[in-house]
Amino acid sequence: MYKYMELLNELERMIAGSLKEGDKMPSIRTLSERYACSKSTVIRALSELERSHLIYASAKSGYYVLGSAEKEERPSETIDFVRSAPDPDIFPYLDFQQCLNKAIDTYRNELFIYGTPKGLPSLIKEMQRHLADYQVFAEPERIFITSGVQQALTLLAGMPFPDGRKTVLVEQPSYPLFTDYLEAHRIPAVGIRRDADGIDLGELERIFRGGGIKFFYTIPRFHNPLGCSYTRRQKEAIAELAARYGVYIVEDDYMADLEQDAKSDPLYAYDRAERTIYLKSYSKILFPGLRVGVAVLPGELAEAFGRYKKLLDIDSSMLSQAALELYLKSGMFARHREKIRDRYSRRSELLGEAVRRAKKAYPDVLTGPLPAAGGIHTHLLPRAPAALSSAVEKLRSRCIHAESAKGHYLSGFRAEAMLKLNVSGVRDEEIASGVDVVAEELAKAVHRVLPR
């Protein structure tokens, strides 16, 4: 990330934290000395803040805080623990608008004709460098730009694989739109239970050994709705089993950008047999309307994937692809990633503290893990499953939106009675009070159900 962008993040933290509207910013010389950078770097960062309407310049006086929208907003009427979209408060509107405008100027007519099924060639080249930061190394021929992860999953579920296998193995619980798609299109699917500790590797081997598994769909990192991640040993074991039994793995790494541990690699990095299909989305870290994702395919699947993608939509949005390329190349994405990591890391800490306090207050009725570091969702397990639906109704009457994870399971698979908690759309100051009310209503519901 460029130096001025690092400085920009620091100044935004300063404005959101210790400064208030009307306060004077430190001088250019002071900032240059404090952050060990040139005055031109400071001026560029201050100009960006002025363009974002966070500060204003006063002739011969300096820069002053104009005000932070984040500070001025009032608490919402409803606390929403269901919404999983990124926080609108930090959508990179201005930066991405700049990239859109520049993309039109740079590529002109190329953006308004049919593109290629694989994606914009210059974006694929940039994506190859970008993915290397996540320990995903692949030749451009194996990289495809898709209209979000959902399109990639649709293609993989529908296209034939070289080994002729047809059944999809899915963690339970899992991504509801994918399980709904499998059932709507009558694609053979079976489930394997996953909890906060992972999956039963013995059961996974038994299912793999039985044959017929086309691929195993998994969310190794920051699983939704569980909130947990696989350990390195578990990822190594899954990759080894896939290689031994010739099963493909579809790794959905949609929350990779929230990872705080530099030593935590995707499952793809442990695959030595080219059995892993790596998927990554940008809608969860930028904004939902950006329907651009990336798929990295093993060599023997790449040609068929490209052919089926062309039949589905010819190409993904060329304008969005070109803007994303410039956004990545300019360093703006790296800056935004640091900003959203900081924001969600704080919410993760608050969620962990609130859940820990709730379990201490109601040790006889609430179980489940603490949120993973940096993760923005977790779940609670009431001791009496029958209490869950009535608790959700009571919470709604108290302006708290929460729901069970029932929709994350395949039909016929025994669903765990769990309450999902996602704080991507909950303000910092509302997390503790919201979790307190959730725990209170769950405890009341459990006590109504359990015999005295």
Can you tell if the side chain of Val296 reaches within under 4.5 Å of the side chain of Thr276, non-hydrogen atoms only?
no

Which atom of Gln128 lies closest to which atom of Ala138, heavy atoms considered
NE2-O, 3.0 Å

Determine, step by step, whether Ile249 and Ile277 satisfy the side-chain contact (heavy atoms from CB on, under 4.5 Å) criterion, reporting the C-alpha distance in whole Å, the side-chain angles of both residues, the deciding distance to 0.1 Å, and the verdict.
CA-CA 6 Å; Ile249 300 168; Ile277 301 159; over 6 Å; no

Reported CZ-to-CG distance for the pair Arg129 and Leu328, which is rounded to 0.5 angstrom:
10.0 Å

Report the C-alpha separation of Arg356 and Glu353 in whole Å, then their side-chain angles, then the decisive distance to 0.1 Å, and conclude whether the salt bridge (charged side-chain N to carboxylate O under 4.0 Å, His left out) test is met.
CA-CA 5 Å; Arg356 190 179 295 109; Glu353 292 168 3; 6.0 Å; no

Minimum heavy-atom distance Ala402-Leu419, with the two atoms named
CB-CD1, 4.0 Å

Is it the case that Lys280 places NZ or CZ above or below the six-membered ring of Tyr282, under 6.0 angstrom from the centre and within 45 degrees of the axis?
yes

Do Val136 and Pro266 come within less than 4.5 Å of each other through their side chains, counting heavy atoms only?
yes

Val190 vs Val170 side-chain heavy atoms within contact, under 4.5 Å:
no

Please report the shortest heavy-atom distance between Arg275 and Ala243, naming the atom on each side.
CG-CA, 4.1 Å

If you take all heavy atoms of Ala157 and Phe178, which pair is closest and at what distance?
CB-CE1, 4.1 Å

Spell out, as yes or no, whether a donor-acceptor pair under 3.5 Å connects the side chain of His336 to the backbone of Met332.
no

Inspect the contact between Arg357 and Asp436 and indicate whether a charged nitrogen and a carboxylate oxygen are less than 4.0 angstrom apart.
yes

Check whether any side-chain heavy atom of Gln172 lies under 4.5 Å from a side-chain heavy atom of Ile192, and answer yes or no.
no

Donor-acceptor pair, distance only, cut-off 3.5 Å: does the side chain of Tyr268 make one with the backbone of Phe137?
yes

Where the side chain of Glu441 meets the backbone of Lys394, is there a donor-acceptor pair that is under 3.5 Å apart?
no

Please assess Leu153 against Leu279 for the test side-chain contact (heavy atoms from CB on, under 4.5 Å), listing each intermediate value before the final yes or no.
CA-CA 9 Å; Leu153 290 172; Leu279 307 180; 3.6 Å; yes

Do Asp257 and Tyr134 have side-chain N/O donor and acceptor atoms under 3.5 Å apart?
yes

Between Leu301 and Pro162, is any pair of side-chain heavy atoms under 4.5 Å apart?
yes

Residue pair Asn422 / Ser424, side-chain donor-acceptor N/O under 3.5 Å
yes

Taking atom types as modelled, find out whether Gln151 and Thr146 have a side-chain donor-acceptor pair closer than 3.5 angstrom.
no

Less than 3.5 Å apart, any donor N or O on the side chain of Glu205 or Tyr245 sitting next to an acceptor on the other?
yes

Could you walk me through whether Phe208 and Arg244 pass the side-chain contact (heavy atoms from CB on, under 4.5 Å) check?
CA-CA 9 Å; Phe208 281 3; Arg244 185 189 309 173; over 6 Å; no

For the side chain of Asp271 and the backbone of Ala239, is there at least one donor-acceptor N/O pair under 3.5 Å apart?
no

N-O pairing of Glu430 and Arg427 below 4.0 Å
no

Has Gln234 got a side-chain atom pairing as donor or acceptor with Thr231's backbone, closer than 3.5 angstrom?
yes

State, to 0.1 Å, how close Met159 and Ala304 come at their nearest heavy-atom pair, and which atoms those are.
CE-CB, 3.7 Å

Sub-3.5 Å donor-acceptor pair from the side chain of His379 to the main-chain atoms of Ala196, do we have one?
no

So that I can tick it off, tell me whether Lys329 and Glu325 are bridged by a salt bridge, with the cut-off set at under 4.0 angstrom between side-chain N and carboxylate O.
yes

Within this structure, what is the NZ-CG distance for the pair Lys309 and Leu312, rounded to the nearest 0.5 Å?
7.5 Å

Looking at Leu120, is its backbone amide N or carbonyl O close enough to the side chain of Gln321 to form a donor-acceptor pair, meaning the two atoms are under 3.5 Å apart?
yes

Quick test of your reading of the model: are Glu236 and Arg233 salt-bridged, counting only N-O distances below 4.0 Å?
no

Find the distance between OH (Tyr278) and CG (Leu297) and round it off to the nearest 0.5 Å.
14.0 Å

Any side-chain donor paired with an acceptor under 3.5 Å for Ser411 and Glu183?
yes

Verify, without hydrogens or angle tests, whether His377 (side chain) and Val82 (backbone) share a donor-acceptor contact under 3.5 angstrom.
no

What one should report as the nearest heavy-atom pair of Gly299 and Arg142 is N-NE, 4.1 Å

Quick one: does Thr154's side chain have a donor or acceptor within less than 3.5 Å of a partner on Gln150's backbone?
yes

Do Lys235 and Tyr230 meet the cation-pi criteria used here (NZ or CZ under 6.0 Å from the six-membered ring centre, within 45° of the axis)?
no

Is there a donor-acceptor contact under 3.5 Å linking the side chains of Asp95 and Tyr327?
no

Just so I know, are the side chains of Leu182 and Val168 near enough to count as touching, which here means a heavy-atom distance under 4.5 Å?
yes

Side-chain touch Met127/Val294, heavy atoms, less than 4.5 angstrom:
yes

For Asp428 and Arg346: C-alpha separation, side-chain torsions, deciding distance, then whether side-chain contact (heavy atoms from CB on, under 4.5 Å) applies.
CA-CA 8 Å; Asp428 292 7; Arg346 174 59 180 158; 3.5 Å; yes

Tell me, do Pro225 and Met418 make a side-chain contact under 4.5 Å, heavy atoms counted?
yes

Decide whether Tyr175 and Asn224 meet the rule of one side-chain donor and one side-chain acceptor closer than 3.5 Å.
no

Where at least one partner belongs to residues 186-201, residue pairs that pass side chain to side chain donor-acceptor pair (under 3.5 Å), sequence neighbours excluded:
Glu171-Arg194

Kindly state whether the ring of Phe333 and the ring of His130 have centres lying under 6.0 angstrom apart.
yes

Just by modelled atom types, is the Asp253 backbone N or O under 3.5 Å from a matching donor or acceptor in the Glu251 side chain?
no

